[in-house]
Trainee: 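For reference, the structure I am asking about is given below.
When reading the values below, keep in mind they use all heavy atoms of this one structure, side chains included, and skip hydrogens, waters and symmetry mates.
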Amino acid sequence: MNSLIARSNRAALAIGALAMLILSDAPRAQSTIKPYALESAAGLRLHNVTAEPATLDGKRGLRVRFDEAVRRRMEAMTPQEREAALKSGEVSEQLPIIDGLEFGNGVIEAEIAGTPRTDVFKDARGFVGIAFRVQEDLRSYDAFYLRPTNGRADDQLRRNHSVQYISHPDWPWPRLRKETPEKYESYVDLVPGVWTRVRIEVRAAQARLFVHGQAQPTLIVNDVKSGPNARGGVALWIDVSTDAHFRNLTVTPE
């Protein structure tokens, strides 16, 4: 009888140890970090942008700008042709997309910097950010972005618009600001042309943006417009009037 009890105890201990091993390995299996140095355009699919290796403040990364050939093509269009091209998404988005990456929930981190291109638009702000859950049409996605020139503006209202959440094509910033003022924008200290660390956490219908490594989020969105179950690509995001830099992108899907 004692030997039977001993064997049962050993079996129970073995099963317990196996269960603990499986549980300890589960997070690693579900969360695989995918690093992208972004020191070249390799592994990127460029949509209406150019990308080239560049150094900013002594750190190597990738410089991204609106494609001048696309700009010239737009300038040569009639107003009707330009409107059709914008509606179709042919020229309305500027995205270097990470090839072969699908993302629904998880964490995205990167260092980004944006400087306004006043040769393109006089009152440019230098918008730069990260898009996620990007669909194949390259028009549908969620994104967080920075407005670097707003961070230290003398106008408090502009400061309040330093960071922005959007969800294209249905929820661009003008609609969000008009229908729900201040809900999808917030303040954070920013300087144009300076590397800024961002962290985006996405879980179901909630997304949170952290800036400068701060413990508390700068902006919280509790109703991500793509919905709780959406999946798609990850892309770097710029405005047409931005000279942008990106480096050290990591994606940890869950």
Trainee: Taking the side chain as C-beta and beyond, is there a heavy-atom pair between Pro169 and Ser140 under 4.5 Å?
Mentor: yes
Trainee: Tell me, please, which residues at least two apart from Arg177 pass side chain to side chain contact (heavy atoms under 4.5 Å, CB included).
Mentor: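 With neighbours one apart ignored, the set is Arg147, His161, Gln164, Trp173, Glu185.
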Trainee: Looking at CG of Leu138 and CD1 of Ile97, how far apart are the two atoms once the value is rounded to the nearest 0.5 Å?
Mentor: 4.5 Å
Trainee: Transitive ILVMFWY cluster of Leu56 at side-chain heavy atoms under 4.5 Å: who else is in it?
Mentor: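 Result for Leu56 is Trp195.
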Trainee: Check whether any side-chain heavy atom of Val49 lies under 4.5 Å from a side-chain heavy atom of Asp67, and answer yes or no.
Mentor: no
Trainee: Taking only residues at least two apart or on different chains, which pairs with a member in residues 47-59 satisfy side-chain hydrogen bond (donor to acceptor under 3.5 Å, both in side chains)?
Mentor: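 Output for this query is empty, none listed.
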Trainee: Does Glu179 form a side-chain contact (heavy atoms from CB on, under 4.5 Å) with Trp171? I'd like the steps, not just the answer.
Mentor: CA-CA 10 Å; Glu179 296 184 11; Trp171 296 93; 3.7 Å; yes
Trainee: Tell me, which pairs form a salt bridge (charged side-chain N to carboxylate O under 4.0 Å, His left out) where one or both residues lie in residues 209-234, sequence neighbours left out?
Mentor: Glu102-Arg231, Lys183-Asp223, Asp223-Lys225
Trainee: Report whether Val198 and Val188 are members of the same hydrophobic cluster (ILVMFWY, side-chain heavy atoms less than 4.5 Å apart, transitive linking).
Mentor: yes
Trainee: Under a 4.5 Å cut-off applied to non-hydrogen side-chain atoms, are Val221 and Phe144 in contact?
Mentor: yes
Trainee: Please name all residues satisfying side chain to side chain donor-acceptor pair (under 3.5 Å) with Tyr141, sequence neighbours left out, ordered by chain then number.
Mentor: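 Scan of Tyr141 (side chain to side chain donor-acceptor pair (under 3.5 Å), adjacent residues dropped) gives Glu93, His168, Trp237.
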Trainee: Ignoring hydrogens and geometry, is there a side-chain-to-backbone donor-acceptor pair from Thr242 to Ala244 under 3.5 Å?
Mentor: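 Checked: no pair found.
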Trainee: Locate the shortest heavy-atom distance separating Gln135 from Gly232; write the atom from each residue and the value.
Mentor: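 Result for this residue pair: NE2-CA, 3.9 Å.
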Trainee: Answer yes if Val251 and Val224 sit in the same cluster of Ile, Leu, Val, Met, Phe, Trp and Tyr residues linked by side chain heavy atoms under 4.5 Å apart, and no otherwise.
Mentor: yes
Trainee: Working to the nearest 0.5 Å, report the span between CD of Gln94 and CZ of Arg65.
Mentor: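 Reported value, rounded in 0.5 Å steps: 13.5 Å.
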Trainee: Closer than 3.5 angstrom, by distance alone: can the side chain of Arg82 be matched with the main-chain N or O of Met74 as a donor-acceptor pair?
Mentor: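 Such a contact is found between Arg82 side chain and Met74 backbone.
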Trainee: Could you identify which residues cluster with Val191, counting Ile, Leu, Val, Met, Phe, Trp and Tyr as linked when any side-chain heavy atoms lie under 4.5 Å apart, either directly or through a chain of such contacts?
Mentor: Val194
Trainee: For residues 39-51, which residue pairs qualify under salt bridge (charged side-chain N to carboxylate O under 4.0 Å, His left out), counting only residues two or more places apart or in two chains?
Mentor: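 Residue pairs passing salt bridge (charged side-chain N to carboxylate O under 4.0 Å, His left out), neighbours aside: Glu39-Arg60, Arg45-Asp99.
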Trainee: Would you check if Leu46 and Pro96 make a side-chain contact, meaning some heavy-atom pair closer than 4.5 Å?
Mentor: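 Leu46 reaches Pro96 side chain to side chain.
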Trainee: Not counting sequence neighbours, which residues clear side chain to side chain donor-acceptor pair (under 3.5 Å) with Gln156? List them please.
Mentor: Asn160
Trainee: For Glu68 and Arg71, what are the C-alpha separation, side-chain angles and deciding distance, and is it a salt bridge (Lys or Arg N to Asp or Glu O under 4.0 Å)?
Mentor: CA-CA 5 Å; Glu68 288 298 318; Arg71 179 183 172 186; 3.4 Å; yes
Trainee: Between side-chain atoms of residues 103-115 and protein atoms elsewhere (two or more places apart, or another chain), which donor-acceptor pairs fall under 3.5 Å?
Mentor:
{"residue": "Asn105", "atom": "OD1", "partner": "Arg133", "partner atom": "NH2", "Å": "3.1"}
{"residue": "Asn105", "atom": "OD1", "partner": "Ala204", "partner atom": "N", "Å": "2.8"}
{"residue": "Glu109", "atom": "OE1", "partner": "Arg199", "partner atom": "NH1", "Å": "3.4"}
{"residue": "Glu109", "atom": "OE2", "partner": "Arg199", "partner atom": "NH1", "Å": "3.3"}
{"residue": "Glu111", "atom": "OE1", "partner": "Arg247", "partner atom": "NH1", "Å": "3.4"}
{"residue": "Glu111", "atom": "OE2", "partner": "Arg197", "partner atom": "NH2", "Å": "3.3"}
{"residue": "Glu111", "atom": "OE2", "partner": "Arg247", "partner atom": "NH1", "Å": "2.9"}
{"residue": "Glu111", "atom": "OE2", "partner": "Asn248", "partner atom": "ND2", "Å": "3.0"}

Trainee: Any side-chain heavy atom of Leu190 within less than 4.5 Å of one from Asn150?
Mentor: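 Leu190 does not reach Asn150 side chain to side chain.
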Trainee: At their closest point, which heavy atom of Ala41 faces which heavy atom of Leu62, and how far apart are they?
Mentor: N-CD1, 3.8 Å
Trainee: List in chain and number order the residues that pass side chain to side chain donor-acceptor pair (under 3.5 Å) with Arg63, two or more places apart in sequence or in another chain; answer none if no residue qualifies.
Mentor: Asp243
Trainee: Measure the spacing between CG of Leu101 and OH of Tyr36 and express it to the nearest 0.5 Å.
Mentor: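 So the gap between those two atoms works out to 4.0 Å.
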Trainee: Could you list the residues that satisfy side chain to side chain donor-acceptor pair (under 3.5 Å) with Asp142, not counting sequence neighbours?
Mentor: Tyr165, Ser167, Ser226
Trainee: Considering only distance and modelled atom types, tabulate donor-acceptor pairs under 3.5 Å from the side chains of residues 205-220, sequence neighbours left out.
Mentor:
{"residue": "Gln206", "atom": "NE2", "partner": "Asn222", "partner atom": "OD1", "Å": "2.8"}
{"residue": "Arg208", "atom": "NH2", "partner": "Glu201", "partner atom": "OE1", "Å": "2.9"}
{"residue": "His212", "atom": "NE2", "partner": "Asp189", "partner atom": "O", "Å": "2.6"}

Trainee: What pair of heavy atoms forms the shortest contact from Val240 to Phe66, and how long is it?
Mentor: O-CB, 3.6 Å
Trainee: As an exercise, state the distance from CG of Leu176 to CG of Asp170, rounded to the nearest 0.5 Å.
Mentor: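 Reported to 0.5 Å precision, the distance equals 10.5 Å.
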Trainee: Working to the nearest 0.5 Å, report the span between CD1 of Ile98 and CG of Leu236.
Mentor: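 Output value for this atom pair is 5.0 Å.
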Trainee: Would you name the heavy atoms of Ala131 and Ala143 that are closest together and state the gap between them?
Mentor: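 So the two residues come closest at CA-CB, 3.8 Å.
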